[in-house]
**Q** 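Sharing a structure, written as C-alpha cells. Questions coming.
We count ligands from 1, going down the list as the structure has it; atoms in each ligand are counted the same way.
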Amino acid sequence: MKITGAKVIVCSPGRNFVTLKIVTDEGVYGIGDATLNGRELSVVSYLEDHVIPTLIGKDPHRIEDIWQFLYRGAYWRRGPVGMTAIAAVDVALWDIKAKVAKLPLYQLLGGRSRDKIMTYTHANGVCIDSTLDAVGKAIDDGYQAVRVQSGIPGLDSTYGVAKEGKKYEPADAALPGENVWSTQKYLNFAPKLFDAVRSQFGNDIHLLHDVHHRLTPIEAARLGKELEPFHLFWLEDAVVAENQDSFRLVREHTTTPLAVGEVFNSIHDCRSLIQNQYIDYIRATIVHAGGISQMRRIADFASLYHVKTGFHGATDLSPVCMGAALHFDYWVPNFGIQEQMPFSEEMESVFTFDYKFSRGFFTPGEAPGHGVDIDESLAKKYPYKRAMLPVNRLEDGTLWNW
Ligand code: KDG
Ligand code: MG
C-alpha cells in the first residue's frame with residue numbers, strides 16, 4: 001500500500017479548523033486534525049511545504065517509521081507547529097490502518113477498558129449567581145463533572161467567562177484583544193466561588209477549575225490550600241510549566257489534585273512532572289502532542305506514577321481530534337476524564353462523526369477508523385478568517401500570561 005496524495009483543508013464553520021486528508025493507492029483515506037488555535041496557517045505551511053512532499057510513495061502502515069522520520073528527520077525537534085503537523089499525519093495513518101483492518105481504532109490500541117467515557121463540561125457566569133445557574137444546568141443535563149469559572153469582581157472580563165448571551169470563544173478578533181488581570185482580586189474571590197457552589201450543590205458533583213497559567217508557585221500553593229475544603233477533582237494550569245520544578249512547591253503545600261499540559265507537545269515537557277509525582281492528571285492531547293503514537297507513550301509512562309489522562313477538549317480541537325481522543329479514552333487504562341465543550345451546528349455539519357454523547361458520557365462509534373470525516377464541499381462555504389487569542393495585562397500594564 002502507498003500514500004498517493006495528501007491535502008490540507010482549512011475551513012471556518014464558526015471557528016477555524018485545519019484538517020489533513022491522506023489518500024492511498026487502494027482508495028482508503030485517513031483524516032487528521034491539524035488545528036493550532038490562533039496560529040493555524042503556520043501548520044498549513046509546515047504540512048504543505050515540508051511534510052506532504054515527503055509522504056508520497058511511503059507505506060501508510062509504517063506509522064512508527066513515518067513518525068520517527070518526521071520527528072528526527074526535521075532535525076528541529078518539538079514545538080507546537082511541527083508537533084501538530086506530525087499529530088495530523090499520525091492520526092490520519094491510524095485512521096487508515098483501522099479502516100484497512102475494518103476495526104474501530106480503539107480495537108487496534110488494545111480494546112476497550114470501560115463502558116463509557118466521563119466528560120466534564122464548562123459552567124461559567126459573570127458573577128457567582130449566574131455561575132451557580134450554569135452549574136445547575138450542567139447537573140440537570142446529566143454531567144457528573146463540571147468546570148467552574150466566574151467573572152471576578154473588579155475585573156471587566158476574565159478567562160473562561162462568556163459575555164452575556166454569547167458562546168465563549170477566546171480567539172474572537174483578527175488581532176489579539178487585551179484583558180486585564182489582578183492576581184489579588186482573583187485569589188480573594190476564588191474560594192468564595194467554590195464555597196457557594198458546594199453549599200448549593202453538595203459534595204457529589206466533581207468540580208474542576210482552570211487557573212490558565214496565571215499564578216506563581218507560592219500563589220498557586222495558597223489557592224490549592226484554600227480550595228481544599230471544596231475537594232476539587234482538579235486545579236488546572238495553576239502555574240506555567242516550562243520549569244517543571246515549579247510544581248514541586250505547589251505540590252508540597254496542598255492536597256488539591258493538579259492537572260497540567262494542554263500546551264505541551266512532547267513527552268519531555270512532562271517527564272519530570274510525572275516522574276516526581278508533582279501532578280495527578282496529564283492534559284497533553286493527541287492533536288498538539290504528536291498524535292496517538294506519542295500520547296500512548298506519555299500515558300503508559302504516566303501510569304507508572306499514578307498519573308491519569310485528562311484530554312484537552314475545547315472547541316478549537318476539532319471533531320477529528322475528539323473522535324481520535326474518544327477511541328484513546330476508551331482504551332487507556334489510566335483514564336481520568338475527557339473535556340467537552342459543545343460544538344456549534346455549523347461545525348457538526350462540516351464534520352460527520354459516529355461517536356455518541358448522552359448525559360455527560362461519550363462512547364466512540366464502531367465504524368472502522370476513528371469514525372470522523374469532513375464534508376469538503378461544505379467546508380468550502382466557510383473560508384478561513386484570521387482569529388487570534390487575547391493577551392493579558394496586569395493592572396499596571398505589564399504583559400502577563402493569558
Ligand atoms: O486555544 C486555547 C484554548 O483551547 C484554551 O484556552 C482552553 O484552557 C482551555 C481549556 O482548558 O479548555
Ligand atoms: Mg485549560
**Q** Within 45° of the ring axis of Trp181 and under 6.0 Å from its six-membered ring centre, is that where the NZ or CZ of Arg214 lies?
**A** yes
**Q** For atom 3 (C) of ligand 1, what's the nearest protein heavy-atom neighbour? Residue, atom name and distance, please.
**A** Asp316 OD1, 3.5 Å
**Q** Tell me, which protein residue and heavy-atom name are nearest atom 9 (C) of ligand 1, and how many Å apart are they?
**A** Tyr159 OH, 2.9 Å
**Q** Report the nearest protein non-hydrogen atom to atom 8 (O) of ligand 1: residue, atom name, distance rounded to 0.1 Å.
**A** Glu262 OE2, 2.7 Å
**Q** Does an N or O from Tyr120, backbone or side chain, lie closer than 3.5 Å to an N or O of ligand 1?
**A** no
**Q** Answer with yes or no after comparing the ring centroid distance for Tyr120 and Tyr143 against a 6.0 Å cut-off, counting only values under it.
**A** no
**Q** Does any donor atom in the side chain of Thr352 or Asp373 lie under 3.5 Å from an acceptor atom in the other side chain?
**A** no
**Q** Has Lys116 got its NZ or CZ under 6.0 Å from the middle of the six-membered ring of Phe361, at an angle within 45 degrees of the ring axis?
**A** yes
**Q** What atoms in ligand 1 come closer than 4.0 Å to a heavy atom of Arg147?
**A** 10 (C), 11 (O), 12 (O)
**Q** Which atoms from ligand 1 have a heavy atom of Ala314 less than 4.0 Å away?
**A** 4 (O), 7 (C), 12 (O)
**Q** Looking at atom 6 (O) of ligand 1, what's its closest protein heavy atom, distance included?
**A** His212 NE2, 2.8 Å
**Q** Please check if any side-chain donor atom of Thr131 sits under 3.5 Å from a side-chain acceptor atom of Gln149, or the reverse.
**A** no
**Q** Any idea which atoms of ligand 1 are less than 4.0 Å away from a heavy-atom of Glu236?
**A** 11 (O)
**Q** To which protein heavy atom is atom 1 (O) of ligand 1 closest, and what is the distance rounded to 0.1 Å?
**A** Asn37 ND2, 2.8 Å
**Q** Rounding to 10°, state the angle centred on the Mg ion (ligand 2) that links OE2 in Glu236 with OE1 in Glu262.
**A** 90°
**Q** For Asp210, take its heavy atoms, then give the atoms of ligand 1 lying under 4.0 Å from any of them.
**A** 8 (O), 9 (C), 10 (C), 11 (O)
**Q** Would you tell me which option among Glu339, Met341, His213 has the nearest heavy-atom contact to atom 12 (O) of ligand 1?
**A** Glu339
**Q** Do Arg15 and Asn37 have side-chain atoms, one donor and one acceptor, less than 3.5 Å apart?
**A** yes
**Q** Quick one: does NZ or CZ of Lys58 land under 6.0 Å from the six-membered ring centre of Phe69, within 45 degrees of the ring axis?
**A** yes
**Q** Do the ring centers of Tyr330 and Tyr106 come within less than 6.0 Å of each other?
**A** yes
**Q** Less than 3.5 Å apart, any donor N or O on the side chain of Glu339 or Thr119 sitting next to an acceptor on the other?
**A** no
**Q** Going by heavy atoms, is Trp402 under 4.0 Å from ligand 1?
**A** yes
**Q** Would you mind naming the N, O or S atom of Asp210 nearest to the Mg ion (ligand 2)?
**A** OD2
